[in-house]
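Okay, structure first, notes after.
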Amino acid sequence: MEFGHFANCFVPRFELEAEAGAEHRRMIENLDFAVECEKHGFKYVWCPEHHFLEEYSHMPAPEVFLSFVAARTSKIHVGSAIFNTTPPVNHPARVAERVAMLDHLSEGRFEFGTGRGSSTTEVFGFGIESLDLTKEMWDETIGEFLKMWQPGMYGPYEGRFFSMPQRNVLPKTYTRPHPPMWVACGSPPTFAKAGRMGLGAFCFTHGTPQSLEPLIRAYKDGIAQAEPVGDYVNDNILCVTSFLCMEDRREAFELATRVGMRYYASLVFRWLDNIPRPPGLPVWPEVLPENTAEEVEAAANAGSTCVGDPDDCARLVQSYVDIGCDQLVLSPTTTTMPYETALASVELFGREVIPRFDKDPVHRSTRMRETVAQAAGS
């Protein structure tokens with residue numbers, strides 16, 4: 001099991017109303033926190049691309065954010081989770097250029113996560129008439145990036161959603177083969193499709209580890225029969241969870257009731273209307289009530305939340321190991337906990353929990369890329 005951090009740039013409205021510089025402070029805290037994660041055994045920093053989603057994510061340009069993280073670190077991988085590859089949002093040639101630039105400037109530490117957006121607010125904002133169309137747009141573009149990174153000219157290309165004359169798309173990627181490729185997944189068919197295409201999978205679906213097991217099984221079954229769209233199979237699936245690790249578990253349970261974990265979950269369902277809504281979910285502006293300390297403790301005891309002391313958090317990690325997850329991505333900055341508390345939590349987790357599970361200093365995606373590179377050179 002490997003570990004990552006999810007930098008979403010959550011900016012709650014009450015902070016914006018109370019503090020003139022809240023948005024800037026949150027952005028810089030996300031950056032500083034991502035840099036700190038490298039010191040504590042985290043191998044990845046992931047950053048999304050979102051547009052127009054007030055409070056939930058003020059992060060429209062992951063390539064800018066990740067370039068700053070890469071410049072201030074030396075080992076941690078920086079990844080897009082995701083780049084929106086639908087042509088009305090980002091022309092595919094521009095995506096290929098950005099990936100190659102990040103690959104060069106990070107010295108081969110970039111991970112290329114792709115997706116199509118999961119909100120009508122975003123999709124309609126760029127003139128796309130339907131979320132369903134974005135599936136076809138993603139299908140059309142995903143295989144073109146590899147062609148753009150090949151030596152020499154690309155095109156001419158005439159497709160349904162984009163076209164371009166013959167051009168030499170520059171720069172080419174620094175790494176050979178190209179950076180690891182991923183895709184955001186939701187329903188079981190999308191996990192199976194990601195596996196068959198040899199792509200790493202982002203599991204952004206909410207639920208307990210046990211409820212996610214069928215999705216991971218669908219992915220692993222698919223990847224066993226992969227015909228990779230890239231130059232190699234990236235057999236990797238990651239899951240994202242909220243997080244709070246403290247020496248005193250009861251202090252952690254109590255604090256977890258006061259940092260807006262359920263408010264953030266309400267924002268997920270407010271904006272990401274491509275995600276199935278659980279029955280009985282409040283309709284915005286009504287929000288989910290925060291859990292009680294007793295409810296948080298029960299979830300920790302069951303291994304379904306990463307909140308508590310190091311043993312509680314390790315129990316949750318083991319639950320994800322048991323269902324076949326390869327990477328667990330934690331998101332303490334998507335709460336209102338103080339920055340110092342989040343940092344102390346990561347320090348403790350890195351000292352007490354990560355060494356129990358991640359004993360390989362090399363990134364899993366790097367090993368896969370190096371395996372195919374060695375085979376090509378033999």
- Item | With Asp32 via salt bridge (charged side-chain N to carboxylate O under 4.0 Å, His left out) - residues at least two apart | Arg72
Side-chain donor-acceptor contact under 3.5 Å, [X] with [Y]:
{"X": "His50", "Y": "Glu122", "answer": "yes"}
{"X": "Asn234", "Y": "Arg369", "answer": "no"}
{"X": "Thr336", "Y": "Arg258", "answer": "no"}
{"X": "Ser80", "Y": "Glu111", "answer": "no"}
{"X": "Asn236", "Y": "Ser365", "answer": "no"}
{"X": "Trp138", "Y": "Thr114", "answer": "yes"}
{"X": "Arg25", "Y": "Asn30", "answer": "no"}
{"X": "Ser57", "Y": "Asn8", "answer": "yes"}
{"X": "Glu55", "Y": "Tyr263", "answer": "yes"}

- Task: Give the intermediate values and the outcome of salt bridge (Lys or Arg N to Asp or Glu O under 4.0 Å) for residues Glu36 and Lys39.
- Result: CA-CA 5 Å; Glu36 288 292 325; Lys39 303 175 184 178; 3.0 Å; yes
Distance in Å, [X] [atom1] paired with [Y] [atom2], rounded so as to fall on 0.5 Å steps:
{"X": "Asn291", "Y": "Met261", "atom1": "CG", "atom2": "CE", "value": "9.5 Å"}
{"X": "Glu254", "Y": "Leu244", "atom1": "CD", "atom2": "CG", "value": "10.5 Å"}
{"X": "Glu140", "Y": "Thr85", "atom1": "CD", "atom2": "OG1", "value": "10.5 Å"}
{"X": "His91", "Y": "Ser163", "atom1": "NE2", "atom2": "OG", "value": "7.0 Å"}
{"X": "Gln327", "Y": "Cys203", "atom1": "CD", "atom2": "SG", "value": "12.5 Å"}
{"X": "Leu255", "Y": "Arg250", "atom1": "CG", "atom2": "CZ", "value": "15.0 Å"}

Using modelled atom types only, decide if a donor and an acceptor are shared between the side chain of [X] and the backbone of [Y] within a distance under 3.5 Å.
{"X": "Lys43", "Y": "Val362", "answer": "yes"}
{"X": "Ser119", "Y": "Thr121", "answer": "yes"}
{"X": "Arg262", "Y": "Pro289", "answer": "yes"}
{"X": "Lys359", "Y": "Pro355", "answer": "yes"}
{"X": "Glu2", "Y": "Arg364", "answer": "yes"}
{"X": "Glu251", "Y": "Glu247", "answer": "no"}
{"X": "Ser331", "Y": "Thr333", "answer": "no"}
{"X": "Arg356", "Y": "Glu352", "answer": "yes"}
{"X": "Asn90", "Y": "Asn84", "answer": "yes"}
{"X": "Lys172", "Y": "Gly152", "answer": "yes"}

- Show your working on side chain to side chain contact (heavy atoms under 4.5 Å, CB included) between Ile223 and Val233 and close with a plain yes or no. CA-CA 8 Å; Ile223 211 154; Val233 172; 3.6 Å; yes
- Task: Could you go through the salt bridge (Lys or Arg N to Asp or Glu O under 4.0 Å) check for Glu227 and Arg196 one step at a time?
- Result: CA-CA 6 Å; Glu227 296 181 6; Arg196 291 193 303 271; over 6 Å; no
Is the [X]-[Y] ring centre distance short of 6.0 angstrom?
{"X": "Trp46", "Y": "Phe202", "result": "yes"}
{"X": "Tyr232", "Y": "His178", "result": "yes"}
{"X": "Phe349", "Y": "Phe243", "result": "yes"}
{"X": "His77", "Y": "Phe110", "result": "no"}
{"X": "Phe126", "Y": "Phe52", "result": "yes"}

- Query: Partners of Asn274 by side chain to side chain contact (heavy atoms under 4.5 Å, CB included), sequence neighbours excluded?
  - Reply: Arg116, Ser118, Leu131
- Query: Lys147: what forms a side chain to side chain contact (heavy atoms under 4.5 Å, CB included) with it, not counting sequence neighbours?
  - Reply: Glu144, Tyr154
- If you measure from the Lys or Arg side-chain nitrogens to the Asp or Glu carboxylate oxygens, is any gap between Asp139 and Lys193 under 4.0 Å? yes
Got [X] and [Y] here, is their nearest side-chain heavy-atom distance under 4.5 Å?
{"X": "Pro282", "Y": "Leu288", "value": "yes"}
{"X": "Ile216", "Y": "Cys325", "value": "yes"}
{"X": "Glu23", "Y": "Leu16", "value": "yes"}
{"X": "Val329", "Y": "Cys239", "value": "no"}
{"X": "Ser304", "Y": "Ser319", "value": "no"}

Honestly curious: do [X] and [Y] fall in one hydrophobic cluster under the side-chain, below-4.5 Å linking rule?
{"X": "Leu212", "Y": "Val321", "value": "yes"}
{"X": "Leu330", "Y": "Val240", "value": "no"}
{"X": "Leu316", "Y": "Met1", "value": "yes"}
{"X": "Val95", "Y": "Met101", "value": "no"}
{"X": "Val268", "Y": "Phe204", "value": "no"}

- Message: Show, in sequence, the C-alpha distance, side-chain angles and deciding distance for Met246 and Val307, and conclude whether the side chain to side chain contact (heavy atoms under 4.5 Å, CB included) test is met.
- Response: CA-CA 8 Å; Met246 305 180 77; Val307 175; over 6 Å; no
Minimum heavy-atom distance between [X] and [Y], given as atom pair plus value:
{"X": "Ala300", "Y": "Arg315", "result": "O-NH1, 3.0 Å"}
{"X": "Tyr320", "Y": "Pro209", "result": "CE1-CG, 3.5 Å"}
{"X": "His51", "Y": "Pro60", "result": "CE1-O, 3.6 Å"}

- On the 0 to 90° scale, with breaks at 30° and 60°, tag the Tyr56-Tyr264 ring pair as parallel, tilted or perpendicular. parallel
- Query: What class does the angle between the rings of Phe162 and Tyr157 fall in, given that below 30° is parallel, 30 to 60° is tilted and above 60° is perpendicular?
  - Reply: parallel
- Let me see the working for Val99 and Trp149 under side chain to side chain contact (heavy atoms under 4.5 Å, CB included), right down to the final yes or no. CA-CA 10 Å; Val99 170; Trp149 294 327; 3.4 Å; yes
- Message: Surrounding CZ of Phe68 (heavy atoms of other residues, nucleotides or ligands, distance under 6.0 Å), is the total greater than 12?
- Response: no
- Message: Pair Asp235, Lys220 - check salt bridge (Lys or Arg N to Asp or Glu O under 4.0 Å), show working.
- Response: CA-CA 8 Å; Asp235 179 3; Lys220 293 296 184 179; 2.7 Å; yes
